[in-house]
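Everything below concerns the one structure shown next.
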Amino acid sequence: MKSFYIETFGCQMNVHDSEKVIGTLLAQGYEQVETPEAADLVFYNTCSIRDKAEQKVFHRLQQFKKESGNGKTFAVLGCVAQQEGERIFERAPHVSLVCGSASYNKLPELLVQLETGNRRATGLSLDTDETFETPLTRRDNPNRAYITIIEGCDKSCAYCVVPFTRGPERSRTADSVLREAGELAAAGYSEIQLLGQNVNSYRDPSPAGFDFATLLRKLGDVPGLRRVRFTTSHPRDFGKDIVDAISENPALCNHVHLPVQSGSTHVLSRMQRSYTRDEYMRRIEWMKASPRQIAITTDIIVGFPGETDEDFQQTLDLLDQVEYDSVFSFKYSRRPNTPALRYDDHLPEEEKGRRLAILQERQRQIQIRRNAAYVGRTEEVLVEGFNKATGQWIGRTSQHKTLNFIRPNGSDESLTGRYLDVLVTRSGPNSLVGEAVQ
Ligand code: SAM
Ligand code: SF4
């Protein structure tokens, strides 16, 4: 029996792709091991969204270069594989397999090519209308399961590699999504998270033709599912019907991740995001008007080419106006093939760093204020585990806030996987602290 080790970089899409790759390998008779040293096959499932992420992979490959004569096979999967293609063989000659996510269906075939003596195998075609459908998914989290509903991306944001690395947008049929959700609920999962670069661009390819809001409502009604999450939503395709579905069905979590990228309409237009600041704010207003308190989170890029002080100020004003529950913020990073590379007004690294620090501090203050308002409230959490270092249980609210808590005069029985009411007693910028309600 051959053994494999897999390390995953990047987003939840990659984490879930790895779960499917692991399932596929186990079904082929491979055994998973915990270290690259113990493995015959070493897989890196890679990310190329920013330069730093890409560098990490080549660093890892160099670390193990000396192992190449040792009978190990190295494989690069994911976005760096797709982006760099066969150039990886030049940069890291000990790599034998390079395969992008649009070709994972071909993995068993590619492994056979290696086993039968081929020195190299590649899966790099982006010309596909298929999704990676496999019943062979190996899930490690016993409570929350990821479900891909849409793969690839047809948008063309000027800074982004995803359209070049993950292929065209393609949705799974609603039937297969609902079947998987039902099977997961029957297997004891109470929470699912729908995944896609733009989940809300979902369109059922079968004759029923469900849109995203309809799919959400149907998933919210699957018996046994208590929480349905989804990420990421694109503002252009974010309709009020999604907010209405959340307002009406408590199984749909009251959290929306809606990346804005910039608060300046001028920068948004150069980013090719296809919405204005005002259009984005209309979507925020729909959510704020919901009877359920919907937590709103976002992604922001600072220092995009041509971003003036005034543009940056507009992004800071947007933070104050929306009052996000949390923000992922990044310095603009030049990416191969992307239209923004051709702009001639790139900002110096120091200026991007300065703006990032200002933005993060502004947002930290907002989170301190927002989280303080939870003190004294009782929130339902799904218990994710126990932190031995702090002696606290780790809980997650429907709004996706971390709520760590103690169990007053409790037993030693594990609470992981249970839903409990917790009284919030303290707050910080990134989490809440409380006590389980008896
Ligand atoms: N599809 C999602 C959307 O359109 O909002 C985002 C997916 S992308 C994997 C995640 C985040 O990475 C983006 O929202 C953006 O903030 C960030 N990102 C993408 N390309 C970037 C770049 N070249 N430099 C810095 N951040 C980038
Ligand atoms: Fe990248 Fe834009 Fe597609 Fe999101 S919508 S994955 S940012 S190209």
Side-chain angles (χ1 to χ4, degrees), residues 8-17 45-55 78-80 82-83 100-102 126 148-171 194-202 212 230-238 256-264 267-275 279-280 283-284 296-307 315 318-319 324 326-343 346-347 349 351-353 355-356 359-360 363:
T8 307
F9 301 85
C11 63
Q12 287 144 323
M13 295 285 286
N14 263 10
V15 171
H16 187 41
D17 280 347
N45 188 3
T46 62
C47 169
S48 64
I49 197 81
R50 282 169 291 277
D51 187 49
K52 257 196 195 143
E54 185 180 329
Q55 293 316 322
C79 291
V80 177
Q82 191 66 53
Q83 181 188 292
S101 65
L126 282 179
T148 311
I149 62 164
I150 179 168
E151 291 181 13
C153 179
D154 280 349
K155 315 275 191 289
S156 48
C157 302
Y159 49 81
C160 186
V161 284
V162 170
F164 307 98
T165 60
R166 286 192 164 265
E169 209 160 82
R170 46 216 194 271
S171 297
L194 311 179
L195 295 180
Q197 289 303 333
N198 301 298
V199 273
N200 58 327
S201 307
Y202 177 84
F212 180 61
F230 55 90
T231 194
T232 299
S233 299
H234 191 286
R236 193 193 73 186
D237 300 336
F238 192 82
V256 172
H257 186 65
L258 196 66
V260 65
Q261 313 300 357
S262 168
S264 151
V267 173
L268 288 172
S269 151
R270 292 192 90 207
M271 286 178 165
Q272 298 169 193
R273 284 292 285 181
S274 60
Y275 52 86
E279 284 163 346
Y280 181 85
R283 283 140 183 81
I284 298 294
I296 307 170
T297 57
T298 201
D299 294 345
I300 289 178
I301 297 176
V302 298
F304 187 73
E307 183 189 72
T315 300
L318 183 97
L319 291 189
Y324 290 105
S326 132
V327 172
F328 295 97
S329 47
F330 314 102
K331 288 192 282 186
Y332 165 73
S333 167
R334 293 171 194 247
R335 300 286 62 216
N337 308 316
T338 55
L341 276 185
R342 291 193 296 274
Y343 292 166
H346 285 258
L347 270 66
E349 276 308 306
E351 181 56 16
K352 292 190 231 172
R355 292 184 189 184
L356 186 67
L359 181 127
Q360 289 181 339
Q363 178 58 25

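Every number for a ligand or one of its atoms is a count from 1 in the order of the listing.
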What closest approach, in Å, do [X] and [Y] show between heavy atoms, and which atom pair accounts for it?
| X | Y | answer |
| --- | --- | --- |
| Tyr343 | Ala158 | OH-CB, 4.0 Å |
| Pro168 | Asp154 | CA-OD1, 3.5 Å |
| Gly303 | Tyr332 | O-CB, 3.5 Å |
| Gly78 | Thr46 | C-OG1, 3.7 Å |
| Thr165 | Gln82 | O-CG, 3.4 Å |
| Val199 | Ile150 | CA-CG2, 3.8 Å |

[X]: numbered ligand 2 atoms lying under 4.0 Å from its heavy atoms:
| X | result |
| --- | --- |
| Gln197 | 6 (S) |
| Lys155 | 5 (S) |
| His234 | 5 (S) |
| Cys157 | 2 (Fe), 5 (S), 7 (S), 8 (S) |

Inset, instruction - Decide whether the shortest distance between a heavy atom of Arg273 and an atom of ligand 2 is less than 4.0 Å. - result: yes
Where on [X] is there a heavy atom closer than 4.0 Å to ligand 1, on the side chain, on the backbone, on both, or on neither?
| X | value |
| --- | --- |
| Tyr159 | both |
| Ile49 | both |
| Asn198 | side chain |
| His234 | side chain |
| Lys155 | neither |
| Lys331 | backbone |

Only heavy atoms of [X], strictly under 4.0 Å: list the atoms of ligand 1 that pass.
| X | answer |
| --- | --- |
| Arg50 | 12 (O), 17 (C), 18 (N), 24 (N), 25 (C), 26 (N), 27 (C) |
| Pro259 | 5 (O) |
| Gln261 | 5 (O), 13 (C), 14 (O), 15 (C), 16 (O) |

Identity and distance of the protein heavy atom lying nearest [atom]:
| atom | answer |
| --- | --- |
| atom 24 (N) of ligand 1 | Ser333 N, 3.0 Å |
| atom 7 (C) of ligand 1 | Gln197 OE1, 3.3 Å |
| atom 7 (S) of ligand 2 | Tyr159 OH, 3.4 Å |

Where on [X] is there a heavy atom closer than 4.0 Å to ligand 2, on the side chain, on the backbone, on both, or on neither?
| X | value |
| --- | --- |
| Pro163 | side chain |
| Asn198 | side chain |
| Cys153 | side chain |

Inset, instruction - Give a yes or no on whether a salt bridge exists between Arg355 and Glu351, defined as a side-chain N under 4.0 angstrom from a carboxylate O. - result: yes
Legend entry - Cationic N near anionic O, under 4.0 Å, Arg270 to Glu307: no
Would a 4.5 Å heavy-atom cut-off, applied to side chains only, mark [X] and [Y] as touching?
| X | Y | result |
| --- | --- | --- |
| Pro163 | Lys155 | no |
| Ile49 | Cys160 | yes |
| Phe164 | Arg166 | no |
| Phe238 | Tyr275 | no |

Inset, instruction - May I ask you to check whether Cys160 brings an N, O or S atom to under 2.8 Å from atom 1 (Fe) of ligand 2? - result: yes
Inset, instruction - Can you label the angle between the Tyr280 ring and the Tyr324 ring as parallel, tilted or perpendicular, going by 30° and 60°? - result: tilted
Legend entry - Any N/O pair Asp299/ligand 1 closer than 3.5 Å: yes
Inset, instruction - Give the single entry among Arg273, Arg236, Arg335 that approaches atom 4 (O) of ligand 1 most closely by any heavy atom. - result: Arg273
Inset, instruction - Using only heavy-atom distances, determine whether the side chains of Asp237 and Ser201 contain a donor-acceptor pair under 3.5 Å. - result: yes
